[in-house]
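Throughout, protein chains are lettered first and strands after them, A, B, ... in sequence-line order, and every chain is numbered starting at 1.
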Number of protein chains: 2
Amino acid sequence: MPTMRDVARLADVSIATVSFVINETKPVSAATRQRVEDAMRELGYRRNALGRALASKRTRIIALLYPALQRRLHESAVEFFTSAAQAAKDLGHSLVLWPISNEADQVQEIIANGLIDGVLLMEVQLDDPRVEQLTGSTMPFSLIGRTRHPEQLPYVDVDFENSLVDAVDYLEGLGHRTICLLDNGSAELALAGYGPLVRARETFAAEMARRGLEAVHLSCQDSPISGEGAAEELLATAPDATAVVIMNDSAVFGFVSGLSRHGVRIPEDLSVVLFASTPDVAASTDPHLTLWRLPGVELGRRGVESLIDQLEGRGEPMTQGVVKCTFEEGASTAAPRAGGG
Amino acid sequence: MPTMRDVARLADVSIATVSFVINETKPVSAATRQRVEDAMRELGYRRNALGRALASKRTRIIALLYPALQRRLHESAVEFFTSAAQAAKDLGHSLVLWPISNEADQVQEIIANGLIDGVLLMEVQLDDPRVEQLTGSTMPFSLIGRTRHPEQLPYVDVDFENSLVDAVDYLEGLGHRTICLLDNGSAELALAGYGPLVRARETFAAEMARRGLEAVHLSCQDSPISGEGAAEELLATAPDATAVVIMNDSAVFGFVSGLSRHGVRIPEDLSVVLFASTPDVAASTDPHLTLWRLPGVELGRRGVESLIDQLEGRGEPMTQGVVKCTFEEGASTAAPRAGGG
DNA sequence: TTGTAAGCGTTATCAA
DNA sequence: TTGATAACGCTTACAA
């Protein structure tokens, strides 16, 4: 691998001049620049990230810390990750995915070894020990998701509240008056204080009440088989519901197939909205589901921008923002039957 | 952040001695060592990875290159990744997940910037341009999966062949004589020459023939709805099959529920084996499926070991290995009905 | 507009 | 058993 010194020698300039050309950090005459660029091309020179980092005290690497306890990464997570990586690249940084357990020292270790300029923390929970660690450190960070009290923290998050209000509005507009929210109520998530779940529940209840609509609430585990059970539970306990908002990816297919097994047609007998999910899940059933899609791409970009803004020291010291889910119409929603509701 | 110089000053030794203590690279008297260690503790010293990398010409970072085109990461991939990260850590390295598109220059870029000591390439395809790039470079690498001609390449892979033979043997042992392989035959994968698919098909056909059993072959897209269709296709075209080996994660639930819709009971009327998948998928149906489980953990560990062996220059210059799937019995397999077959 | 030279925080070679 | 000191590849005052 050729070094800057090699380039300088070949172009017959000083090593500093080469640096000026590469980084456009000082004016260089056209002729000199040409010689340097020719030399670089001839040698196939690429600047060494290590030397640069050591000298400039910035590695330009940011890490996306992801909890290793996670069992799978869904389409939106992958989408998020890919988008974040692209945004980082566009802003002159590299983004790496760094798996961490929830043990306290893991974050410390990454911070101390000096390889990382800043971190993005995903899957943030309402009470998140990792956030406290970051807060207590000098490491710049941004959160994807929110803690219980995010007032002083930089974050971007899904706007579950307004997205859900939109969904309710959409269904009420179609004429539905009794609507069920089916979410993922596993004990694990509830105990962990999983923000999206908690906030969706509260918003749904409040918004339905505000509109004078009847809210039904159901939970099931995140598996198809649980979804089947939820379908039966719905038919047994809330037969007058004409629409369901489902916020449980893994249960979707079982739920829909459970309904179908009991002769319930979608959307003729029941409208189904898939909430905070992804197109591949929406397309996994017949008919395809009307979807409020997680804004993975937008979230990834915004998160990276927020972090790099901090690193470059430009803009506000701290940015917060939420992004709504996007509406993608499917064939699973319609006006309720005349006799229903 | 304290530096080695700070530690040296406090312990009243030279900076070199501190290095000797940390790296155990030269003998140091007990007393001196104690002073150094005390100083490190007192200052909360952590060695800076950047300086170390620059001086030693090794970053001790390895990258798991993962194709950004991938839409989701399944349990086995996450398991694999986590296990690889742990193994790397145990061997004194950091592992980061680096998303790359399939564009040719991406790999080059990572190589040239000097941050990475070696790479692990996952989701290797039979004809993989990324492998050619790596082969043509000086970057140490190991493959997870195999190309069409892997003779000269370091890799670890799933032993689909022997695992599938085991599955066939298991079903034959139960008394089944007409067995169906249901795989993921999307045009995309077939065109890309996806190794696991190709090798499983060939092995299944050959092994069934060798045993004088009747092989049925079905393919469907990777979605639940396609799985339902496959169930109907099976009943229509091969009603005498008494067992199915399914190698298509996403279609599993639809397939099983499609069977159930047609009154086919598992395992009484049909035995179902889930092949090359994960426990969460096996547990997503009723009854839980008998599973040949992808050896994600083992694969991750072996892959990292293979790579780091190269980096340390110990062991053979190149290691190759395959790992069988592990058997996890479920409730979806039994002897065929007396009148069946 | 260009060059000189002092770092950045380690490792590693030689001496002592 | 320890200590000086020259790298490692680059950035960045400061000079010229």
| Centroid-centroid under 6.0 Å between F81(A) and Y66(B) rings |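 They qualify: ring centres under 6.0 Å apart.
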
| message | Below 4.0 Å from chain A heavy atoms, what is the first contacting nucleotide of DNA chain D and what is the last? | response |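 The protein-touched segment is dG9(D) to dC14(D).
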
| Residue R58(B) excluded, over 12 heavy atoms near CZ under 6.0 Å |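 It does: R58(B) CZ has more than 12 such atoms within range.
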
| query | More than 12 non-hydrogen atoms from neighbouring residues, nucleotides or ligands closer than 6.0 Å to CD on Q152(B), yes or no? | reply |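 No - once you tally the heavy atoms of other residues, nucleotides and ligands closer than 6.0 Å, there are 12 at most.
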
Answer yes or no: is there an ion pair linking [X] with [Y], defined by an N-O contact shorter than 4.0 Å?
{"X": "K324(A)", "Y": "D159(A)", "answer": "no"}
{"X": "E298(A)", "Y": "R301(A)", "answer": "yes"}
{"X": "D127(A)", "Y": "R148(A)", "answer": "yes"}

| Any side-chain N or O of S29(A) less than 4.0 Å from the OP1 or OP2 oxygen of dT2(C)? |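 Yes.
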
| message | Under a 3.5 Å distance rule, please check whether R35(A) uses its side chain to pair with a backbone N or O of A11(A) as donor and acceptor. | response |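 At least one qualifying donor-acceptor pair exists.
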
| task | May I ask you to list the residues of residues 8-19 of chain B, by number, that have any heavy atom positioned under 4.0 Å from an atom of DNA chain C? | result |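 Contacting residues: I15(B), A16(B), S19(B).
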
| field | Any pair counted as salt bridge (charged side-chain N to carboxylate O under 4.0 Å, His left out), so long as it reaches residues 36-53 of chain A, sequence neighbours left out | value |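 Checked against salt bridge (charged side-chain N to carboxylate O under 4.0 Å, His left out) - neighbours excluded - the pairs reaching residues 36-53 of chain A are D38(A)-R41(A).
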
| request: Tell me, please, which residues at least two apart from L153(A) pass side chain to side chain contact (heavy atoms under 4.5 Å, CB included). | output: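 If we apply the side chain to side chain contact (heavy atoms under 4.5 Å, CB included) test to L153(A), skipping adjacent residues, the hits are V131(A), T135(A), F141(A), L143(A), T147(A).
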
Quickly work out the [X] [atom1] to [N] [atom2] distance and round it to whole Å.
{"X": "I22(B)", "N": "dG9(C)", "atom1": "CD1", "atom2": "P", "value": "14 Å"}
{"X": "E24(B)", "N": "dT11(C)", "atom1": "CD", "atom2": "C1'", "value": "16 Å"}
{"X": "R5(B)", "N": "dC8(C)", "atom1": "CZ", "atom2": "C1'", "value": "11 Å"}
{"X": "R33(A)", "N": "dT1(C)", "atom1": "CZ", "atom2": "C1'", "value": "12 Å"}

| query | Which residues pass the ring-ring contact (aromatic ring centres under 6.0 Å, His included) test with Y155(A), sequence neighbours left out? | reply |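 Partners of Y155(A) by the ring-ring contact (aromatic ring centres under 6.0 Å, His included) criterion come out as none, since no residue qualifies.
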
| Do V18(B) and V21(B) have side chains that get closer than 4.5 Å, going by heavy atoms? |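 No, too far: nothing below the 4.5 Å cut-off.
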
| message | For DNA chain D, which residues of residues 37-61 of chain B approach it to below 4.0 angstrom with any heavy atom? | response |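 DNA chain D contact set from residues 37-61 of chain B: L54(B), A55(B), K57(B).
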
